[in-house]
Amino acid sequence: DVIGLDDAKAVVMDALVNPVNHPDIYKTLKVAPGTGLLLYGPPGTGKTLFAKAVANEMNMPFMDVRCDRLKSKYVGETEKNVAEMFRAARAQKRCVLFLDECNAILARRGDQKVCMVEQFLVELDGFAASDAQLFVLMATNLPWTLDPAITRSGRLSEAVYVGLPGDSARRKMLEIAFKDVPLA
């Protein structure tokens, strides 16, 4: 579903897709699937499309959450919204939870008046420890603003750059877009 981004695809296949689709091989090798990935790159490069394609490759439901909608001006409401989001994902037993614009709620601690990072970390650690097949993909344009505890080893498998397509990928996109259109 995604043209180009070969490096990003390779990381996703190794960290998430292959361990889920071929569990016997990875169990024999004693390699556990990753718990999630951080997708970062400039705006408009297709991070959401990429995340949907990952869920499709894993044959799992896709739960799309815009983090700016979780925020509340009332004390404790954002934390409650984060807990409810994870509760809904756990109820599905198998899903890819996608958090778009995650920097809206996961900024470096100390940079915000109400801190919801702790609540998110508690939920994320519980999410990864559950016996269900649950994965977290997060997207941001500003990865340097995230709290370092979010991206530490053991929480997210890796950070994956989703950049602008190269010339050959752009040509392929145009061929697909105009395949039924007569051109001079």
Side-chain angles (χ1 to χ4, degrees), residues 1-67 82 85-86 89-90 94-109 116-166 169:
D1 293 342
V2 177
I3 297 168
L5 302 174
D6 294 330
D7 294 340
K9 286 181 195 176
V11 171
V12 169
M13 292 302 285
D14 290 343
L16 299 178
V17 177
N18 287 335
V20 168
N21 291 341
H22 308 288
D24 296 339
I25 295 171
Y26 283 81
K27 202 174 279 185
T28 301
L29 297 172
K30 296 181 179 164
V31 176
T35 55
L37 296 170
L38 173 67
L39 307 175
Y40 70 97
T45 56
K47 292 179 287 294
T48 303
L49 174 67
F50 191 78
K52 286 179 184 177
V54 170
N56 187 43
E57 285 291 319
M58 296 170 73
N59 198 23
M60 291 189 171
F62 183 74
M63 189 173 163
D64 189 359
V65 177
R66 297 236 353 171
C67 289
V82 167
M85 171 191 67
F86 276 101
R90 273 192 213 95
R94 268 187 111 236
C95 84
V96 173
L97 175 61
F98 177 64
L99 305 171
D100 199 7
E101 298 180 21
C102 63
N103 52 297
I105 63 167
L106 302 175
R108 193 176 298 271
R109 284 178 271 199
M116 59 294 283
V117 174
E118 290 88 357
Q119 178 67 36
F120 182 85
L121 293 174
V122 167
E123 297 291 341
L124 182 63
D125 290 343
F127 195 68
S130 71
D131 55 353
Q133 282 190 312
L134 306 168
F135 300 91
V136 177
L137 295 177
M138 300 190 309
T140 183
N141 303 330
L142 310 167
W144 57 88
T145 64
L146 295 178
D147 193 276
I150 301 295
T151 56
R152 79 157 170 79
S153 178
R155 291 217 165 102
L156 297 178
S157 300
E158 290 190 55
V160 179
Y161 181 70
V162 179
L164 296 170

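Only this structure's heavy atoms are used, side chains among them; waters, hydrogens and symmetry mates stay out.
Between atom CD1 of residue Ile25 and atom CG of residue Asn18 there is a gap of 8.0 Å, rounded to the nearest 0.5 Å. With rounding to the nearest 0.5 angstrom, the CG atom of Leu99 is 5.0 Å from the CE atom of Met85. From Arg155, atom CZ reaches atom CG of Leu124 across 6.5 Å, with rounding to the nearest 0.5 Å. Rounded to the nearest 0.5 Å, atoms CZ (Phe86) and CG (Asp125) are 9.5 Å apart. Leu106 contributes atom CG, which lies 5.0 Å from atom CZ of Phe120 (distance to the nearest 0.5 angstrom). Remark: Met138 CE to Thr151 OG1 distance equals 8.0 Å, nearest 0.5 Å.
No more than 12 heavy atoms of other residues, nucleotides or ligands lie within 6.0 Å of CG in Asp7, so this atom counts as exposed by the packing criterion. The environment of NZ in Lys52 is sparse: at most 12 heavy-atom neighbours from other residues, nucleotides or ligands sit within 6.0 Å.
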From CA spacing to verdict: side-chain contact (heavy atoms from CB on, under 4.5 Å), Thr35, Val136: CA-CA 6 Å; Thr35 55; Val136 177; over 6 Å; no
Is there a side-chain contact (heavy atoms from CB on, under 4.5 Å) between Leu134 and Leu97 once you walk through the steps? CA-CA 7 Å; Leu134 306 168; Leu97 175 61; over 6 Å; no
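Between Leu121 and Ala149, the shortest heavy-atom distance links the atoms CD1-CB, 3.7 Å. When all heavy atoms are compared, the tightest approach of Pro148 to Arg108 is CG-NH1, 3.5 Å. Between Leu5 and Val2, the shortest heavy-atom contact is CD1-CG1, 3.7 Å. Closest non-hydrogen pair, Val20 versus Arg94, comes out as CG1-NH2, 4.3 Å. Considering every non-hydrogen atom in both Thr140 and Cys102, the closest pair reads CB-SG, 3.9 Å. Nearest heavy atom pair, residue Lys47 against residue Val162, reads CG-CB, 3.8 Å.
Taking the side-chain contact (heavy atoms from CB on, under 4.5 Å) definition, one finds that Glu101 meets it with Arg66, Asp68, Asn103, sequence neighbours left out. With sequence neighbours excluded, the residues forming a salt bridge (charged side-chain N to carboxylate O under 4.0 Å, His left out) with Asp147 are Arg109, listed by chain and number.
Residue pairs meeting the ring pair (Phe, Tyr, Trp, His ring centres under 6.0 Å) criterion with at least one partner in residues 25-66, sequence neighbours excluded, are Tyr40-Tyr161, Phe62-Phe98.
Side-chain contact check for Leu16 versus Leu137: some heavy-atom pair is nearer than 4.5 Å.
Judged by distance alone, with hydrogens and angles left aside, the side-chain atoms of Lys9 form a donor-acceptor pair with the main-chain N or O of Gly4 at under 3.5 Å.
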